[in-house]
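These notes are about the structure you will find just below.
Every heavy atom of this structure was used, including side-chain atoms; hydrogens, water molecules and symmetry mates were not. Note that the structure is predicted; figures quoted are calculated from it, not measured.
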Amino acid sequence: MNSRILELCSIHEATSTFEHPQEAAAAVHPERGVALVRNLLPGFTGDLLAVLTGDLLDDLEEAAGKADDGVFTDPASVTFGAPYRHPRMLWGIGLNYVEHASDLSEAVPDEPASFIKGDHTVIGPGEAIPIPEQSNRTTAEAEVGVVIGRYCRNVEPDDALSYAAGLVPVLDQTAEDILERNPRFLTRSKNFPGFFSFGPRIVPLGTAVGDGSLGDMVVSTVINGEVLCTNSVSHMRYDPAFLISFHSKVMPLYPGDIISTGTPGAIRIQPGDTAECRVSGLPALSNPVTGSAQ
């Protein structure tokens, strides 16, 4: 694990509204607060994805350590958005917890059961998850996401986590009734707008696990404040290091790509609900649920 301490995020600009937010790349220092990347790296004009693809993480850490206190503000005073809106690749992993597969009367696959989502599915904290009119049973699934931090190809599990920029909470949605009609409808069932929420911050692995291990982290799907499904990463069939390695041998992984590592349980959501992902060591992610998207 690297020694980085900055948590990566995007925050709403002061002049924007929640309905029409203008978001700016930012970083949270654990002791000093949140600062805009453009104030830490003069001349920077991109989004947070540009920090990752531009190999600027070390520069950002160094700049934050040297910056004046006036650059930082209280994280409680800002509104966090999705860390970035257009990841190049979103991998999802199905049936990765043995208990979840058993609940669905399914066997855990002999190899990771992965699928891809488009960036049109991305929303951030507090944004609405719309139930599509084509679905009568949509579920929300809390997961821990792994954000790739550098080019990654044909790596082994023992080295795989060194390629991660950090971990992030995810709510992955599924039109479960569509999927049940035919397993080949997986792509459709996973790709409605608002079906991938992530944020509020990407946390370095060392910060996330603290004195424990990645396997100790607990992931919970929470609806309306009630914890309905929970499990630890140690009970995954394929742990995050294996998933990075496995997919890097399928295709190159690039900075900003996200692997959402599977859920301990999917819960049906309806308009008026609030879905939440809680992962120990990470900030909570919460989204309201609304009716059909327009």
Side-chain angles (χ1 to χ4, degrees), residues 8-10 23 25 47-53 80-96 109 111-125 127-130 132 138-153 160-161 163-176 178-179 185-203 219 221 236 238-263 266 275 277 279 282 285 287 293:
L8 307 174
C9 59
S10 290
E23 295 172 337
D47 63 1
L48 187 64
L49 183 57
V51 173
L52 296 171
T53 59
F80 293 96
Y84 41 95
R85 298 281 171 172
H86 299 289
R88 189 196 70 94
M89 187 68 68
L90 291 173
W91 281 106
I93 310 297
L95 301 175
N96 198 24
E111 298 179 19
S114 53
F115 54 89
I116 292 173
K117 306 185 79 155
D119 62 5
H120 64 277
T121 63
V122 170
I123 57 174
E127 294 178 54
I129 299 170
T138 293
T139 59
E141 303 155 25
E143 309 192 12
V144 57
V146 178
V147 178
I148 301 300
R150 58 193 177 102
Y151 178 82
C152 179
R153 177 67 169 153
L161 291 177
Y163 290 83
L167 305 177
V168 66
V170 169
L171 281 168
D172 177 40
Q173 281 63 252
T174 309
E176 196 172 78
I178 293 175
L179 178 59
F185 296 167
L186 177 61
T187 296
R188 190 201 322 170
S189 72
K190 287 286 190 179
N191 270 279
F192 289 96
F195 269 31
F196 189 89
S197 177
F198 80 120
R201 302 191 295 278
I202 300 167
V203 179
V219 183
T221 303
M236 288 180 175
Y238 305 105
D239 66 23
F242 181 88
L243 292 172
I244 294 171
S245 172
F246 180 88
H247 288 89
S248 79
K249 295 175 182 180
V250 175
M251 64 175 66
L253 302 178
Y254 290 88
D257 289 357
I258 302 169
I259 300 175
S260 196
T261 58
T263 185
C277 171
V279 181
L282 304 180
L285 170 66
N287 293 89

(Q) Nearest 0.5 Å, please: how far is OG1 in Thr53 from OH in Tyr84? (A) 10.0 Å

Q: In sequence, state the C-alpha distance, the side-chain angles, and the governing distance for Ile244 and Leu161, and then conclude on side chain to side chain contact (heavy atoms under 4.5 Å, CB included).
A: CA-CA 8 Å; Ile244 294 171; Leu161 291 177; 4.1 Å; yes

Q: Considering only NZ, NE, NH1 and NH2 on the basic side and carboxylate oxygens on the acidic side, decide whether Asp172 and Lys117 come within less than 4.0 Å.
A: yes

Q) To the nearest 0.5 Å, what is the distance between CD1 (Ile93) and CZ (Phe246)? A) 8.5 Å

**Q.** Exercise: identify the closest heavy-atom pair between Asn191 and Gly118
**A.** OD1-N, 2.8 Å

Q: Starting from the C-alpha separation in whole Å, work towards a yes-or-no answer on side chain to side chain contact (heavy atoms under 4.5 Å, CB included) for Ile129 and Ile123.
A: CA-CA 8 Å; Ile129 299 170; Ile123 57 174; 3.8 Å; yes

Q. Would you say the side chain of Glu127 lies within less than 4.5 Å of the side chain of Ser197, judging by non-hydrogen atoms?
A. no

Q) Heavy-atom distance under 4.5 Å between the side chains of Phe195 and Ser189, does that happen here? A) no

Q) To the nearest 0.5 Å, what is the distance between CG (Leu90) and OG (Ser260)? A) 8.5 Å

(Q) For Pro83, is there any backbone N or O sitting under 3.5 Å from a side-chain donor or acceptor partner on Ser10? (A) yes

Q. Short question: side chain of Gln173, backbone of Gly194 - any donor-acceptor pair under 3.5 Å?
A. yes

Q. Does some side-chain heavy atom of Val122 sit less than 4.5 Å from a side-chain heavy atom of His86?
A. no

Q) Are Arg188 and Glu176 within salt-bridge range, i.e. N to O under 4.0 Å? A) no

Q: Please name the pair of heavy atoms, one in Glu143 and one in Val279, separated by the smallest distance, quoted to 0.1 Å.
A: O-CG2, 4.2 Å

(Q) Determine whether a donor-acceptor pair (N or O, by modelled atom type, separation under 3.5 Å) exists between the side chain of Thr138 and the backbone of Ala175. (A) no

Q | Backbone of Cys9 reached by a side-chain donor or acceptor of Arg201 within 3.5 Å | A | no

Q) Any side-chain heavy atom of Val219 within less than 4.5 Å of one from Thr263? A) no

Q. Which atoms form the tightest heavy-atom contact between Leu49 and Gly256, and what is the distance?
A. CD1-CA, 3.6 Å

(Q) I'd like to know if the side chain of Asn96 reaches the main chain of Tyr238, judged simply by a donor and an acceptor atom lying under 3.5 Å from each other, with no hydrogens or angles considered. (A) yes

Q. Considering all heavy atoms of both residues, which atom of Leu243 and which atom of Ile259 are nearest to each other, and what is their separation?
A. O-CD1, 4.0 Å

Q. Which atom names give the shortest non-hydrogen contact between Ile148 and Cys152, and what distance separates them?
A. CG2-CB, 4.5 Å

Q. Is there a side-chain contact between Val147 and Leu167, using heavy atoms and a 4.5 Å cut-off?
A. no

Q | Whether Phe198 and Phe196 hold their rings parallel, tilted or perpendicular, with breakpoints at 30° and 60° | A | tilted

Q) How about Met251 and Trp91: do any of their side-chain heavy atoms sit closer than 4.5 Å? A) yes

(Q) Pairing donors with acceptors under 3.5 angstrom, does anything connect the side chains of Glu141 and Thr221? (A) no

Q: Give the minimum heavy-atom separation between Leu285 and Gly199, together with the two atoms involved.
A: CB-O, 3.5 Å

Q. Are the side chain of Asn287 and the backbone N or O of Gly124 linked by a donor-acceptor pair below 3.5 Å?
A. yes

**Q.** Nearest-0.5 Å distance that lies between atom NZ in Lys190 and atom OG1 in Thr121
**A.** 10.5 Å

Q: Assess Arg150 against Tyr163: is NZ or CZ under 6.0 Å from the centre of the six-membered ring, and within 45 degrees of the ring's axis?
A: yes

Q. At what distance, to the nearest 0.5 angstrom, does CG of Leu179 lie from OG1 of Thr174?
A. 7.0 Å

